[in-house]
Amino acid sequence: MTGTGSDRSPRARLRDLRPESFGAEPTGARLARIRRSPNFADGIFQNPEPARRGPSGSTVEFAKIYFEKEGRARRAPTGAIPVHPTTLADLAAPPATGLRLTWMGHSGVLAEIDGHRVLFDPVWGDRCSPFPFAGPKRLHPVPVPLAELGPVDVVVISHDHYDHLDLPTIKALATTDTLFAVPLGVGAHLERWGVPASRLRELDWNESTEVGELRLTATPARHFCGRGLRNKQHTLWASWVVRGPAHRIFHSGDTGYFSGFKDIGAAHGPFDATMIQIGAYSEFWTDIHMTPAEGMRAHLDLQGGAPGGVLLPIHWGTFNLAPHAWAEPGEWTRDAAEEAGQAVALPLPGEPFEPAGKLPGNSWWRAVSRPIARPWRRPPGIEVAVEAHGDDLDLAAER
């Protein structure tokens, strides 16, 4: 019987004082399973390839870059970000091709695949933060109220960071009958927030679960985890493969580039569509987030080394989480796609599309962004600076 009052241990009483948004630490049978995982060693979950989990370099230099006035201006849109007001009419009819994706902003995607509805990393809260009054705030409104989204067969969570696992969103979904597929250890948070254990599918890397006719597999990623003040690294992070009778899709979650994308592609691909993290990168944390060029490389690895399927860029445009310009990931992903000859979808937040149909491709961010520096392959002996805004290029070359 659980103790109450003074007969409870100091550790148990301290757990009760944790803010609800911090979630819960794995205990009991869940913790025992974590310790048996082949991906858990030396008291923490390990990455598939070595990775520095925290920022590298000088904290002073990072602060100088992050708080520099001109840089702060680039990290905010110049006007209201356009949003497609997703309606029930948009989603009422099943996708003609059997696969439809709706990017809800950041890493949130509603995937309608082979008669099932899968919701990845839903964040409907105003801030990705443990506190409602502080932390990164949304740059655009949600395209559709969560209550109007309609039934969801399974919610898939990539890891427990605040911009992927959102307390108010999970508590709202906990009142429905949806299932939750989560990496090992993350179920502790969800149970604290009201999700019954019977609706949890908690997976280690390369484990699978069935939801209707879908097979969901947690696959490796190169990242880290944690919500509280003391990050014990006791919850896993994952990318995800969803395979239906006719279609296959991949969601990267948060990850740095690593050679394992080739293995995932060989085992589960090729994919009709991939949802790849291409934002919130920095030279201060190169191991745990990808640049647009690295995201394109990951997509090609997943497709067996050649262009194929459709790439949907995620993890950009909704929250200001890194020093780069807010719209830079969209611009650079367009460049990388053109160079690789790869089909890429660039929808407005909330704009549904079918990967086998016409792809949204307008550079909608240009209307509300300042000039964006574009990556450039420099010819030998020539220094080139490129600025792009709208369809204009401003080139300066020095020999």
Side-chain angles (χ1 to χ4, degrees), residues 2 15 18-40 45 107-111 113 116-125 146 149-221 223-228 231-244 249 251 253-254:
T2 303
R15 280 201 301 267
R18 284 169 57 98
E20 186 182 24
S21 59
F22 282 13
E25 295 287 349
T27 59
R30 178 177 278 117
L31 182 57
R33 184 183 169 201
I34 287 169
R35 288 172 172 159
R36 292 194 302 269
S37 168
N39 305 302
F40 191 82
F45 278 112
S107 294
V109 181
L110 175 66
I113 173 171
H116 301 75
R117 304 178 97 223
V118 182
L119 185 59
F120 292 95
D121 282 358
V123 174
W124 259 253
L146 188 60
L149 191 62
V152 173
D153 295 296
V154 57
V155 174
V156 177
I157 302 297
S158 64
H159 63 297
D160 69 358
H161 285 159
Y162 288 94
D163 57 324
H164 296 259
L165 182 63
D166 180 55
L167 168 63
T169 303
I170 297 300
K171 292 191 78 170
L173 290 166
T175 64
T176 70
D177 58 1
T178 187
L179 299 174
F180 291 82
V182 302
L184 186 55
V186 174
H189 300 315
L190 272 62
E191 284 195 53
R192 183 180 183 191
W193 299 338
V195 178
S198 61
R199 282 167 44 203
L200 288 174
R201 308 288 179 85
E202 202 164 346
L203 306 182
D204 204 344
W205 287 342
N206 300 313
E207 291 183 342
S208 300
T209 188
E210 309 288 333
V211 176
E213 293 185 291
L214 301 182
R215 183 175 181 83
L216 285 70
T217 304
T219 45
H223 199 55
F224 68 111
C225 63
R227 294 178 75 85
N231 186 357
K232 294 184 178 181
Q233 298 294 317
H234 282 180
T235 60
L236 189 58
W237 49 96
S239 57
W240 287 87
V241 170
V242 177
R243 180 173 183 169
I249 57 177
H251 189 283
D254 274 5

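This is a predicted model, so every value here is computed, not measured. Quick note: residue numbers are just sequence positions, from 1.
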Practice task
Assess whether side chain to side chain contact (heavy atoms under 4.5 Å, CB included) is satisfied between Trp240 and Leu203, documenting all intermediate values.
Solution key: CA-CA 10 Å; Trp240 287 87; Leu203 306 182; 3.7 Å; yes
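From Trp193, atom CH2 reaches atom NZ of Lys171 across 9.5 Å, with rounding to the nearest 0.5 Å. Interatomic distance, CD1 of Ile157 versus CG of Leu119, reported as 8.0 Å (0.5 Å rounding). The structure places CH2 of Trp124 at 10.5 Å from CD1 of Ile170, a figure rounded to the nearest 0.5 Å. Here His234 contributes atom NE2 and Leu31 contributes atom CG; the two are 6.0 Å apart, rounded to the nearest 0.5 Å. Of the inter-residue distances, the one linking Ser158 atom OG with Asp163 atom CG reads 8.0 Å to the nearest 0.5 angstrom. Distance check: Leu165 CG to Ser21 OG gives 10.5 Å after rounding to the nearest 0.5 Å.
With a 4.5 Å cut-off on side-chain heavy atoms, Val242 and His116 do not count as touching. Taking the side chain as every heavy atom from C-beta outward, Val182 and Leu190 approach each other to under 4.5 Å. Contact check for His251 versus Ser107: side-chain heavy atoms found under the 4.5 Å cut-off.
Across Leu146 and Ala172, no two heavy atoms sit closer than the pair CD2-CB, 3.8 Å. The shortest heavy-atom contact between Asp160 and Gly226 is OD1-N, 2.7 Å. Nearest heavy-atom pair, Pro26 versus Thr235, reported as atom, atom and distance to 0.1 Å: CG-CG2, 4.3 Å.
Comment: Glu202 engages Arg30 in a salt bridge, judged by a side-chain N to carboxylate O separation of less than 4.0 angstrom.
Ring-plane geometry between His159 and His164 is classed as tilted, the angle between the planes lying from 30 to 60 degrees on a 0 to 90 degree scale.
Residues passing the side chain to side chain contact (heavy atoms under 4.5 Å, CB included) test with Asp204 are Ser37, Pro38, Asn39, Leu184, Glu207, Leu236, sequence neighbours excluded.
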